[in-house]
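Throughout, a chain's letter reflects where its sequence line sits, starting with A, and its residues are numbered from 1. Below, each value reflects all heavy atoms present in this structure, side chains not excepted, and no hydrogens, waters or symmetry copies.
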Number of protein chains: 2
Amino acid sequence: MSSFDALVLALRRLPGVGPKSATRMAFHLLQHDREGAELIARALGAAVRDVRHCARCNTFTEAEICLTCLDPERDAAQLCVVETPADQAAVERTGSYKGLYFVLMGRLSPLDGIGPSDIGLERLFDRAGDGEVREVIVATNFTAEGEATAHVLAEGLKSRGLKVTRLARGVPVGSELEHVDLGTIAHALVDRR
Amino acid sequence: MSSFDALVLALRRLPGVGPKSATRMAFHLLQHDREGAELIARALGAAVRDVRHCARCNTFTEAEICLTCLDPERDAAQLCVVETPADQAAVERTGSYKGLYFVLMGRLSPLDGIGPSDIGLERLFDRAGDGEVREVIVATNFTAEGEATAHVLAEGLKSRGLKVTRLARGVPVGSELEHVDLGTIAHALVDRR
């Protein structure tokens, strides 16, 4: 196989990249951006070598404990559980949460064979039972899998005597009722305040 | 910047990849497919090191001259001009062309600042003037830019006394007239046989 074909095949390991996109990417890099190709190769090598999981919150970090977990300004009584580092970043951007996090690095998905041991469930239970955490805020996604994960989490955490809350469901800010789906409106009615 | 963020930034050099896709790719590789990450890094390194342009047809190759150009079974009197190696592969798959190729590695695109010197125009004129080529088949894409490129090519080649032909425009095989665009039907009427 030529180096070009090998590159196309390798790029197909990226999620959401099929044969046509992979060919287009390989062509672009080799014809117009060899510097970019070398940059990506170096970044991949460095990330595979350096990136590990925070021993406390399970997110990606290059140290034993991540900077967020080490921050003394954070409220150690609150623990927010999210699926991915991107979800954690979304909560951080609001600027309205000052507690700590636990990142599952996935969600329960029985159809894909992802069970409790494949995501950090046991580690979460250990972490939440450190004696300092008072409330666990479950912020998994509001998808079928995220909701199922939230349910399993909540059961396990409550049985350990912890207070468990869930992000509120409701009408998104800035949206018109006419264009909001029925399930969301129904939940917003039930949770009205 | 963390190695993770550096990886996200590097992946955005890929065409068609924005911040969200890049984050998803980085997460997938580091969480689920570190072997894939290393594979891609190695393939990029090898391709940047080994892939060059064929001295005759300008396509990607790892040798001085590519295998197609070296094939003695090929008819050296016909030269098919395409924009990219993917287009060359599409013509090859038909199995109905036995001549040689020239790959422009791009198209004229004044709006993007891509002029005659940015694609292999002068090299094509040299190649087509080797004394063996009798007919140049222009197989650039049937887009505005591909047609403009074809026009400039044809002018240059004809002024050098070469016979220039263009792939036929017409109704695609298997399509219903009802669903074919007007421009295509108009061309098919003019070029009827």
Side-chain angles (χ1 to χ4, degrees), chain A residues 1-17 19-53 59-63 66-67 83-86 89 103 105-106 114 118-119, chain B residues 1-17 19-53 59-63 66-67 83-86 89 103 105-106 114 118-119:
Chain A
M1 194 179 352
S2 74
S3 293
F4 184 82
D5 292 341
L7 176 57
V8 171
L9 206 63
L11 289 170
R12 292 185 55 186
R13 295 285 279 260
L14 293 169
V17 175
K20 290 211 171 176
S21 310
T23 305
R24 195 161 53 93
M25 287 172 173
F27 176 76
H28 175 82
L29 291 175
L30 290 176
Q31 184 66 17
H32 300 298
D33 192 13
R34 293 200 176 208
E35 198 187 299
E38 286 171 335
L39 182 74
I40 296 170
R42 279 196 307 272
L44 283 167
V48 166
R49 189 183 64 233
D50 299 337
V51 174
R52 49 200 288 201
H53 294 281
T59 197
F60 287 136
T61 176
E62 282 147 75
C66 76
L67 289 177
E83 293 181 13
T84 65
V103 184
M105 292 290 179
I114 300 172
D118 297 303
I119 61 175
Chain B
M1 195 180 347
S2 73
S3 293
F4 183 83
D5 293 340
L7 177 57
V8 171
L9 205 64
L11 288 170
R12 291 184 57 186
R13 296 284 278 259
L14 293 169
V17 174
K20 291 211 170 176
S21 309
T23 306
R24 195 161 52 93
M25 287 173 173
F27 176 76
H28 175 81
L29 290 175
L30 290 176
Q31 185 66 17
H32 301 298
D33 193 13
R34 292 199 176 210
E35 197 186 300
E38 287 172 335
L39 183 73
I40 296 169
R42 279 197 307 273
L44 283 166
V48 167
R49 189 183 63 235
D50 299 336
V51 174
R52 49 200 285 198
H53 293 280
T59 197
F60 288 137
T61 175
E62 282 147 74
C66 76
L67 289 177
E83 293 182 14
T84 66
V103 184
M105 291 289 178
I114 300 173
D118 297 305
I119 60 175

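Going from atom CG of A:Asp33 over to atom CZ of B:Arg13 covers 4.0 Å, rounded to the nearest 0.5 Å. With rounding to the nearest 0.5 angstrom, the CE atom of B:Met25 is 9.5 Å from the CD1 atom of A:Ile40. Atom CG of A:Leu7 is separated from atom CZ of B:Phe60 by 9.5 Å, given to the nearest 0.5 angstrom. Between the CZ atom in B:Arg24 and the CG atom in A:Leu14 there is a gap of 10.0 Å [rounded to 0.5 Å].
Contact of A:Ala6 with chain B is made through the backbone alone, with heavy-atom distances under 4.5 Å. With a threshold of 4.5 angstrom between heavy atoms, B:Leu29 approaches chain A through side-chain atoms but not through N, CA, C or O. Of the two parts of B:Val17, only the side chain, counted from C-beta on, holds a non-hydrogen atom closer than 4.5 Å to a non-hydrogen atom of chain A.
With a 4.5 Å cut-off on side-chain heavy atoms, B:Met105 and A:Phe27 count as touching. Looking only at side-chain heavy atoms (C-beta outward), A:His53 and B:Gln31 come within less than 4.5 Å of each other.
The most heavy-atom pairs under 4.5 Å with chain B, out of A:Val51, A:Thr84, A:Leu11, A:Leu9, come from A:Val51. For chain A, the option among B:Ala26, B:Ala37, B:Gly45, B:Gly106 with the highest count of heavy-atom pairs below 4.5 Å is B:Ala37. Contact count against chain A (heavy-atom pairs under 4.5 Å) is highest for B:Leu30 among B:Val8, B:Leu39, B:Leu30, B:Thr61. With respect to chain B, the highest number of heavy-atom pairs below 4.5 Å among A:Ala43, A:Ala46, A:Ser21, A:Gly16 belongs to A:Ala43.
Between B:Asp50 and A:Ser3, the shortest heavy-atom contact is OD2-OG, 3.5 Å. Nearest approach of B:Ala47 to A:Arg34, heavy atoms of both residues: O-NH1, 4.2 Å. Minimum interatomic distance between A:Thr23 and B:Ala86 (heavy atoms only, all atoms of both residues): CG2-CB, 4.3 Å.
With A:Glu38 contributing its side chain and B:Val48 its backbone, the two residues share no donor-acceptor pair below 3.5 Å.
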